[in-house]
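Heavy atoms only: backbone and side chains are in, while hydrogens, waters and symmetry mates are out. Predicted model, so just to flag it, every value in this text is computed and none were measured.
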Amino acid sequence: MTTYGSKRIVTGAHYGLRDWMAQRATALLMALFTIVLLAQVLFTSQPIGYDLWAGIFSKQWMKFLTFALIVSLGYHAWVGVRDIWMDYVKPVGLRLALHVFTLVWLTGCAGWAIQVLWRL
């Protein structure tokens with residue numbers, strides 16, 4: 001039997017489509033959050049200050065949407081930065097250290113954001 005052309009050998013983690021879709025879904029959620037927040041700020045009659053911001057974020061549905069934003073932003077950032085490390089950092093030990101640092105940093109940022117959200 002004769003085969004023509006080279007046989008393609010695919011290696012890697014095969015994240016491609018799933019991560020591409022996750023990036024788009026999280027970006028859509030972040031855009032929705034931005035529109036909702038801008039609408040609440042622009043269509044208010046009270047002066048923009050602490051009371052307005054505290055009022056916006058004290059509602060339970062806004063807390064839920066903000067929590068979803070924080071989780072989406074963390075995952076969105078993780079996928080993007082992880083791809084950068086995988087594409088451009090070749091030494092495995094350094095790449096692993098950067099992955100761990102990125103995960104710890106993003107987890108810390110998400111924890112801090114959630115703490116601020118529930119402090120209101």
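Under a 3.5 Å cut-off, the side chain of Thr44 and the backbone N or O of Gln40 do not form any donor-acceptor pair.
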**Message:** Does Ile114 form a side-chain contact (heavy atoms from CB on, under 4.5 Å) with Ile70? I'd like the steps, not just the answer.
**Reply:** CA-CA 8 Å; Ile114 290 167; Ile70 292 166; 4.0 Å; yes
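A continuous path of hydrophobic side-chain contacts links Leu65 to Leu69 [ILVMFWY only; heavy atoms under 4.5 Å]. Under the 4.5 Å side-chain contact rule for hydrophobic residues, Tyr75 and Met86 do not share a cluster. No single ILVMFWY cluster, assembled from side-chain heavy atoms under 4.5 Å apart, contains both Leu17 and Trp78.
Between His76 and Arg24, every side-chain heavy-atom pair lies at or beyond the 4.5 Å cut-off. A 4.5 Å side-chain heavy-atom check between Leu37 and Phe57 finds at least one atom pair inside the cut-off. Using a 4.5 Å cut-off on side-chain heavy atoms (C-beta onward), Ile56 and Leu52 make contact. Side chains of Trp112 and Leu117 form no contact here, defined as non-hydrogen atoms less than 4.5 Å apart. Proximity of Val41 to Trp53: side-chain heavy atoms (C-beta onward) are separated by under 4.5 Å at one or more points.
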List the atom pairs, donor and acceptor, that lie under 3.5 Å between side-chain atoms in residues 28-36 and the rest of the protein, sequence neighbours left out.
from	atom 1	to	atom 2	distance (Å)
Thr34	OG1	Met30	O	2.9

Compile the donor-acceptor pairs under 3.5 Å between side chains in residues 93-110 and protein atoms, sequence neighbours left out, one pair per line.
from	atom 1	to	atom 2	distance (Å)
Arg95	NE	Val89	O	2.8
Arg95	NH2	Val89	O	3.3
Arg95	NH2	Lys90	O	3.2
Thr102	OG1	Trp85	NE1	2.9
Thr102	OG1	Leu98	O	2.7
Thr107	OG1	Leu103	O	2.7

